[in-house]
Amino acid sequence: MAKRGASRQALRIATWNINSVRLRLPLLQNLVTDLAPDVICLQETKCPDEAFPHEGIAALGFTHRLIRGMKGYNGVAVLSRLPITLREDDPDWCGKGDCRHLGVMLDAPGGPVELHNFYVPAGGDIPDREANPKFGHKLDFVAEATRWFDARGAKRAVLVGDLNIAPLEHDVWSHKQLLDVVSHTPIEVEGLIGWQKAAGWHDALRHFVPEDQKLYTWWSYRARDWRAADRGRRLDHIWVSDDLAGKLSRHQVLKDARDWPQASDHVPVLVEFTP
DNA sequence: ATGGTGGACTATCCA
């Protein structure tokens with residue numbers, strides 16, 4: 001029998017930058033145990049499609065899987081307990097073919113849900129598109145996504161992923177000290193907010209956590225004690241279309257995952273809603 | 001104090 005009797009129509013979607021799906025395959029079991037998701041969206045799988053560990057993931061109950069991977073870098077995947085179909089006509093962002101997006105239709109209770117899984121370019125170290133082409137790529141990627149969703153709108157839709165931008169003051173450990181740091185510069189924040197407004201996206205995590213409270217999903221590897229320093233950023237996001245905002249029922253940021261053996265520098269994030 | 005660590009994969013690139 002279904003476990004969640006009181007909310008049997010609810011759908012739980014998780015997103016995680018796994019930073020190598022092959023290395024951290026065992027940690028997916030932890031995620032499933034702790035969050036009980038119906039759908040998991042992964043970023044930075046760093047795995048060519050022919051080497052994707054389908055069997056291990058199927059054994060966790062995710063019988064439906066769509067993947068878009070390449071050798072060494074990037075790579076996204078959608079793992080689902082419910083049937084999913086690939087959205088074939090979505091753009092190849094910036095024409096690079098670099099495996100940063102997977103759009104699917106999810107066969108959910110109450111009808112199809114459009115689900116977009118993004119891995120936005122990190123953008124390099126220097127926040128200047130002339131000096132640093134990676135930063136230009138990041139801004140262009142966000143601008144292109146903004147135009148596309150602005151033209152299409154979003155209904156019964158969810159957008160998740162590592163967007164590599166922390167938009168709000170309390171999405172970073174020090175707003176002032178990160179104003180010149182890629183991920184929190186004003187031009188990136190303006191871009192991300194514009195994208196969010198483009199199709200009326202609703203920030204599902206800030207639906208639950210007030211904007212004056214610190215909220216992070218990523219802590220650098222380059223810290224002796226990540227928890228003590230707590231210099232985090234909220235780089236991972238879940239947005240829902242306006243028509244779903246009122247149907248959100250819970251959220252979870254799995255901070256304990258940062259202490260798993262061979263942890264990713266990102267932690268899984270989940271929301272539950274009734275579509 | 002301008003470092004530090006981690007993953008992919010073989011000399012560095014990327015985060």
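Numbered from 1 within each chain, the chains take letters A, B, ... in sequence-line order. Just so you know, these numbers use all the heavy atoms, side chains as well, and skip hydrogens, waters and symmetry mates. The structure presented is a predicted model; accordingly, all values stated were derived computationally and were not measured.
For A/R222, the listed nucleotide lying nearest its side chain is B/dA15; candidates were B/dA15, B/dA8, B/dC13. For A/K71, taking side-chain heavy atoms from C-beta onward, the closest of the listed nucleotides B/dA15, B/dT10, B/dG7 is B/dT10. Looking at the side chain of A/A122, the nearest of the listed nucleotides B/dA8, B/dA15, B/dC14 is B/dA15.
The residue among A/G124 and A/P48 whose nearest nucleotide of DNA chain B lies closer to the 5′ end is A/P48. Residue A/A263 is the one, among A/E44 and A/A263, whose nearest nucleotide of DNA chain B lies closer to the 5' end (criterion: closest heavy atom).
At the heavy-atom level, A/R231 lies nowhere under 4.0 Å from the strands shown.
Taking the six-membered ring wherever Trp is involved, the centroid distance between the rings of A/F118 and A/H237 does not fall below 6.0 Å.
Using atom P as the reference point in both B/dG7 and B/dG3, the two lie 22 Å apart (nearest Å). Across B/dA1 and B/dT12, the matching P atoms stand 32 Å from one another, rounded to whole Å. If you take atom P in B/dC14 and the same atom in B/dC9, they sit 14 Å apart, rounded to whole Å.
Distance CG (A/D259) to P (B/dG6): 13 Å, rounded to an integer number of Å. Remark: C1' of B/dC9 and CG of A/L23 are 13 Å apart, rounded to the nearest angstrom. Nucleotide B/dC13 holds its P atom 18 Å from the NE2 atom of A/H137, rounded to whole Å. Here B/dC14 presents its C1' atom at 12 Å from CG of A/N132, a figure rounded to the nearest Å. A/D265 places its CG atom 9 Å from the P atom of B/dG7, with the value rounded to the nearest Å. In this entry the distance linking OH of A/Y73 with P of B/dC9 reads 8 Å, nearest Å. If you take NE2 of A/H266 and P of B/dG7, they are 13 Å apart, rounded to a whole angstrom. Atom-to-atom, CG of A/L27 to C1' of B/dG7 comes out at 14 Å; the value is rounded to the nearest Å.
Inspection of the A/Q43 and A/D162 side chains reveals no N or O donor paired with an N or O acceptor under 3.5 Å. A/S264 and A/N19 form no side-chain donor-acceptor contact under 3.5 Å, judged by distance and modelled atom types alone. Side chain to side chain, A/H54 and A/R65 meet the donor-acceptor criterion of an N or O pair below 3.5 Å.
For A/K134, a side-chain nitrogen or oxygen approaches OP1 or OP2 of B/dC14 to under 4.0 Å.
Looking at A/D140 and A/R129, a side-chain N of the basic residue comes within less than 4.0 Å of a carboxylate O on the acidic one, giving a salt bridge.
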